[in-house]
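Worksheet: one structure, shown below.
By convention in this document, chain letters (A, B, ...) are assigned in the order of the sequence lines, proteins followed by strands, and residues within each chain are numbered from 1.
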2 protein chains.
Amino acid sequence: MNIGSIAKRSGLPAKTIRYYESIGLIPPALRSEGNYRTYSEHDLQTLKFVQRARGLGFSVKDVGKLLTLWQDRRRASAEVRRLAQEHVGEIDRKIEELKGMRRTLTHLIDQCHGDHRPDCPILDDLAGPGRHAH
Amino acid sequence: MNIGSIAKRSGLPAKTIRYYESIGLIPPALRSEGNYRTYSEHDLQTLKFVQRARGLGFSVKDVGKLLTLWQDRRRASAEVRRLAQEHVGEIDRKIEELKGMRRTLTHLIDQCHGDHRPDCPILDDLAGPGRHAH
DNA sequence: AAGTGGGCTTCCCAACGCTGGAAGGTCAAG
DNA sequence: CTTGACCTTCCAGCGTTGGGAAGCCCACTT
């Protein structure tokens, strides 16, 4: 299986697969006589694993840890659980940050009549404190 | 006022201010005899504006647009409002994406006993369909 | 045998928004 | 005059790709 086929089947672009190899996230692929990367079904499983973990927002670094744990049959599930929980914590922080922005913005938008006139509470607020109460 | 002072007062690191100047987000600062950047109170207002807009998650590019609108006394507030609404849309998309990840992760975490044993539904799920350890 | 077209290779550059560091100039105080 | 804090420019890198150039490989047709 060449990189194009495994790319389609794993859902990861060929470029990304080469990148993951270059940074050591996945081991170097075997090469054919013509120097093409060749992949097995097992490699496909690995790449699918990576794709799903990335889809859940894990950093490439954390995906590396997960891969190691996955391949270690003696790992403690607590370790995986802890990684996942930390990640949920990060996600929660991001959500809260975004919600804060959202609150402020919608509040400002509500106050802005949004017509042809230049008066604009949004800009007024960005321009500095003391012009509007939140 | 040198860059260090305005950095402290605006909340933006000196490096960042130089960077903003280099990409044209803010106009080049006047220079002292010794080639130091010198800033006025007006510049401070501009930098504070930038800092607040960035804090609301606007991209540097959009901050540029907001600055232009801010300085144009004839602008229509509708333009600003539209920019802000688009930004809220982006924020909503990000929040939904994160919430989706969060849902999946917490579901998996709930199923993982998280002790010393190797059995781990989180990894089983990442490994793909049909591989559930039951 | 030669050509054609697609896939593969490596390498470099761009993107985002900074951040760090090196090498050196300026300034005020002791 | 020296020290040390501040400033200058330039270069490089972070993370995760995506784009594209230049060239090799392979299977197919003519």
If the condition is side-chain contact (heavy atoms from CB on, under 4.5 Å), which residues does [X] pass it with, not counting sequence neighbours?
X	value
His107(B)	Gln111(B)
Leu30(B)	Thr38(B)
Gln51(B)	Leu12(B)
Glu21(B)	Ile26(B), Pro28(B), Ala29(B), Arg31(B), Arg37(B), Tyr39(B)

Quickly work out the [X] [atom1] to [N] [atom2] distance and round it to whole Å.
X	N	atom1	atom2	value
Leu25(A)	dG15(D)	CG	C1'	13 Å
Lys61(B)	dC16(C)	NZ	P	7 Å
Ile6(B)	dC6(D)	CD1	C1'	16 Å
Asn2(B)	dT26(C)	CG	C1'	10 Å

Just the table, please: protein N/O against nucleotides 12-14 of chain D N/O, every pair under 3.5 Å.
none

Is there side-chain contact between [X] and [Y], with at least one heavy-atom pair below 4.5 Å?
X	Y	answer
Leu44(B)	Lys48(B)	yes
Ile122(A)	Leu105(A)	no
Leu126(A)	Trp70(B)	no
Val60(A)	Val50(A)	no
Ser10(B)	Ile17(B)	yes

Fill in: Derivation of the side-chain contact (heavy atoms from CB on, under 4.5 Å) call for Arg54(B) and Tyr20(B)
CA-CA 12 Å; Arg54(B) 293 287 295 129; Tyr20(B) 286 162; 3.5 Å; yes
Report, one pair per line, the protein and nucleotides 1-3 of chain C atoms (nitrogen or oxygen only) whose separation is under 3.5 Å.
none

Fill in: Step-by-step side-chain contact (heavy atoms from CB on, under 4.5 Å) determination, Thr106(B) to Arg102(B)
CA-CA 6 Å; Thr106(B) 51; Arg102(B) 209 206 115 94; 3.6 Å; yes
Item to complete: List for me each residue that meets side chain to side chain donor-acceptor pair (under 3.5 Å) alongside Glu41(B), sequence neighbours excluded, and say none if there are none.
Response: Arg9(B)
Discussion item. Treating His113(A) as the side-chain partner and Asp119(A) as the backbone partner, does any N or O pair qualify as donor plus acceptor under 3.5 Å?
Written reply: yes
Practice prompt. Examine Phe58(B) and Val88(B) and state if one hydrophobic cluster contains both, with Ile, Leu, Val, Met, Phe, Trp and Tyr joined whenever side-chain heavy atoms are less than 4.5 Å apart.
Written response: yes
Fill in: hydrophobic_cluster_shared for Leu67(B) and Ile6(B), side chain cutoff 4.5 Å
yes
Which protein N or O atoms sit under 3.5 Å from an N or O of nucleotides 28-30 of chain C?
none

Discussion item. Using five pairs at each end of the helix from dA1(C)-dT30(D) to dG30(C)-dC1(D) to define an axis, what is the angle between those two axes, to 10°?
Written reply: 40°
Worksheet item: Are there more than 12 heavy atoms of other residues, nucleotides or ligands under 6.0 Å from atom CD of Glu97(B)?
Response: no
Fill in: Residue pairs involving residues 66-81 of chain A (criterion salt bridge (Lys or Arg N to Asp or Glu O under 4.0 Å); sequence neighbours excluded)
Glu79(A)-Arg82(A)
Item to complete: Residues of residues 29-38 of chain A with any non-hydrogen atom less than 4.0 angstrom from an atom of DNA chain C: list those, numerically ordered, please.
Response: Arg31(A), Asn35(A), Tyr36(A), Arg37(A)
Practice prompt. Assign Ile3(B) to base, sugar-phosphate, or nothing according to its heavy-atom contacts below 4.0 angstrom with the strands shown.
Written response: sugar-phosphate
Worksheet item: For DNA chain D, what residues of residues 8-20 of chain A have any heavy atom nearer than 4.0 Å?
Response: Pro13(A), Lys15(A), Thr16(A), Tyr19(A), Tyr20(A)
Discussion item. Could you walk me through whether Leu69(A) and Ser77(A) satisfy the side-chain contact (heavy atoms from CB on, under 4.5 Å) test, starting with their C-alpha distance in whole Å, then the side-chain angles of each, then the deciding distance to 0.1 Å, before giving a yes or no?
Written reply: CA-CA 9 Å; Leu69(A) 290 167; Ser77(A) 62; over 6 Å; no
